Amino acid sequence: MSRSIGFLTTLPLVPSTRAIPRFHSFSTLGAALLKNLPPRPKPPPDSEIEESYLKGSGPGGQKINKTNSAVQLKHIPTGIVVKSQATRSRSQNRKLAREILAQKVDEFINGDQSRSAIVGAIKKKKADSAAKKSRRKYRRLEEEEEVANAEVAATLEDNPDEIAEQSSDTTNLGRIPNIGIHNNYRLEPLHWAT
Amino acid sequence: MPRISPWLFRKANRHSPNVAALLPACRDLPSAINELRWLKEHVNGTAHLAKGSLLARLCKKRGQGYPLQYILGSQPFGPLDIKCRSGVLIPRPETEAYTYHLADLIKSGSLKIGGSKHDLSVVDFCTGTGCIPLLLYALLYQKFDHLNVLGVDISTQAIKLARGNIDHNTRLGNLPDLQLNHGLDIMQEDIFHDEVIEKLKGRNWDVMVSNPPYISRRAWNHGGGQVGYSVRKYEPSLALVPRDDVPIPVNWNHEDIFYARLLKIARHLKPRAILLEIGDKEQARRVISQFLQNNPSANSEVQVWRDWPDLASAGDKDCLLEIPMQDGSSRAIPIQGDGNIRSIFIKLGA
Ligand SMILES: C[S@@+](CC[C@H](N)C(=O)[O-])C[C@H]1O[C@@H](n2cnc3c(N)ncnc32)[C@H](O)[C@@H]1O
């Protein structure tokens with residue numbers, strides 16, 4: 001696995017115009033949070049992805065009843081590898097793995113301007129402000145409510161579980177949406193090329 | 001099957017006794033942890049009392065080889081939720097993969113079937129849970145004005161389950177409401193009886209699919225690292241091993257008799273495309289050789305698909321399968337996809 005020189009030309013490494021939204025007061029936090037986020041990154045095209053199946057599984061077909069349908073993807077230009085075995089469905093895992101890959105590639109290209117970094121920064125800002133506020137020892141009821149709202153928005157944004165739900169776009173996936181909030185997918189440590 | 005090392009057992013036990021109980025069937029830690037998660041969800045969603053002891057019992061049962069899908073009662077198959085019951089074969093991921101690939105080929109129009117007339121008829125012999133016809137229907141119904149998909153099986157248990165699966169997936173919204181344009185059917189027949197041909201001959205069939213029993217009696221009886229322990233012990237042999245009471249045609253092996261029969265049925269129904277799951281490379285060779293020998297003049301195109309036909313083939317894989325013919329010559333058949341050799345796809349000229 002090698003990170004080819006070629007990726008410099010295939011990935012847009014120009015400085016992004018994205019900026020972390022600034023918040024002047026709590027009252028704008030919730031709304032700004034939802035408005036100013038960059039859109040969820042799209043998975044890279046299949047031509048840039050190397051997908052591999054589980055090797056060493058013997059004869060397969062009728063002779064074996066496997067329950068493991070993990071999917072592993074490698075993004076060729078960056079060498080990023082992700083794996084999903086969240087669900088019992090191979091086709092669902094393929095979809096999930098592509099969404100995780102999209103996020104990792106976005107983080108790689110855009111760094112602290114990536115969507116997940118911005119979500120993280122917003123959460124941190126909110127936590128800092130909340131801490132400052134509580135030191136002031138008084139809170140108006142109204143503000144409290146807004147903090148709560150913003151918190152809901154931020155967790156929703158940052159919760160990987162939402163990825164699973166979003167991907168069930170056209171069809172009802174039966175058991176799949178009921179999968180537990182935790183461990184909904186497993187991200188293998190990224191293998192960076194050397 | 002190699003023994004699991006005491007070291008791995010200790011490691012599993014540190015997670016939980018349930019993970020350790022699952023290990024003999026799951027073989028590795030990540031799989032055992034995953035299965036425990038699914039079993040927990042199942043118990044939480046179905047039981048009200050004594051959840052802990054129920055979970056422990058199920059982990060033990062699963063660890064002894066009882067199929068996870070029979071415990072949970074289902075297996076995802078594409079967007080579908082296929083109910084599974086003891087007595088009916090559990091759908092395999094390879095079957096899901098080639099069914100998707102077939103649907104993609106049909107949708108792309110490259111088969112030149114159904115395309116212009118917006119009609120399509122597909123028959124699936126040996127349908128089991130009905131996973132193949134249901135998935136084809138779900139993937140294709142928006143593309144055709146008149147889509148007919150029929151599943152045929154001999155087993156009463158399979159027929160009941162397949163029909164139940166149509167209702168279940170219609171309720172879930174995975175299949176359209178079939179009340180109106182009823183194009184998805186399940187029929188009970190023995191494919192070795194000529195009635196099946198009589199009943200189907202009057203209609204036009206574009207595509208014929210089958211995943212018939214293909215395991216040899218020898219592999220079934222002796223296992224020998226070929227057939228999984230859980231499969232041999234808990235899945236129905238009717239679904240996996242060809243029966244002994246039909247005469248074996250000359251030049252055919254016993255484990256291939258369903259293919260002999262299916263190719264004969266195809267000569268009557270005259271589909272434009274045939275897709276057959278097979279067990280391994282040698283079986284693919286034998287069946288293709290018979291097909292070419294028996295249809296020398298057919299204007300046909302044969303392909304072999306691996307387990308994952310839509311993945312790029314890994315560099316170390318052959319891309320041609322040499323087929324020896326009786327006259328000493330040989331034919332080369334293209335192979336596509338990645339994994340083991342899994343199915344035969346035949347396009348027949350008009
Ligand atoms: C390998 S299973 C395939 C099930 C399903 N198509 C799948 O892929 O999961 C073979 C099926 O063939 C059925 N079968 C066995 N003998 C048959 C016969 N003579 N006529 C019709 N179906 C038969 C069995 O009941 C079983 O459901």
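These values consider heavy atoms only, across backbone and side chains, with no hydrogens, waters or symmetry-generated copies. The chains referred to below are lettered A, B, ... by the order of the sequence lines, with proteins before strands, and numbering in each begins at 1. It should be emphasised that the depicted structure is a prediction, and the values quoted were computed from it without experimental measurement.
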Which bit of [X] is near chain A, if near means a heavy-atom gap under 4.5 Å: side chain, backbone, both or neither?
X	value
B:Gln75	both
B:Leu240	both
B:Arg62	side chain
B:Pro91	neither
B:Asp28	neither
B:Asp280	side chain
B:Asn211	both
B:Tyr100	side chain
B:Ala25	neither

Subject >> Donor on one side chain, acceptor on other, B:Glu96 and A:Ser91, under 3.5 Å >> reply: yes
Subject >> Heavy-atom pairs under 4.5 Å with chain A, option from B:Ile278, B:Leu311, B:Leu89 with the top count >> reply: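 Winner by heavy-atom pair count: B:Leu311.
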Original post:
Counting heavy-atom pairs under 4.5 Å to chain A, which of B:Tyr234, B:Tyr214, B:Trp220 comes out on top?
Top reply: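 Most heavy-atom pairs under 4.5 Å with chain A: B:Tyr214.
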Heavy atoms of other groups near [X] [atom1], more than 12 under 6.0 Å:
X	atom1	result
A:Lys124	NZ	no
B:Lys40	NZ	no
B:Arg217	CZ	yes

Out of curiosity, [X] [atom1] to [Y] [atom2], how far, rounded to the nearest 0.5 Å?
X	Y	atom1	atom2	answer
A:Gln85	B:Ile33	CD	CD1	9.5 Å
A:Asn65	B:Ser230	CG	OG	5.5 Å
B:Gln69	A:Arg88	CD	CZ	6.5 Å

Original post:
Quick one: are A:Gln92 and B:Pro76 in side-chain contact, heavy atoms under 4.5 Å?
Top reply: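 A side-chain contact under 4.5 Å is absent here.
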**OP:** Report yes if the side chains of B:Val231 and A:Gln62 come closer than 4.5 Å at any heavy-atom pair, otherwise no.
**Re:**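 Sidechains of A:Gln62 and B:Val231: no contact.
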**OP:** Check B:Arg92 against A:Ile64 and note the closest heavy-atom contact, atom names and distance.
**Re:**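 Scanning both residues, the minimum pair turns out to be NE-O, 2.7 Å.
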Original post:
What are the two closest non-hydrogen atoms of B:Ser31 and A:Asn68, and how far apart are they?
Top reply: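 In terms of heavy atoms, the two residues are closest at OG-ND2, 3.4 Å.
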**OP:** Please report the C-alpha distance between A:Arg90 and B:Glu94 in whole Å, then the side-chain angles of each, then the deciding distance to 0.1 Å, and finally whether the salt bridge (Lys or Arg N to Asp or Glu O under 4.0 Å) criterion is met.
**Re:** CA-CA 10 Å; A:Arg90 178 174 173 265; B:Glu94 293 88 349; over 6 Å; no
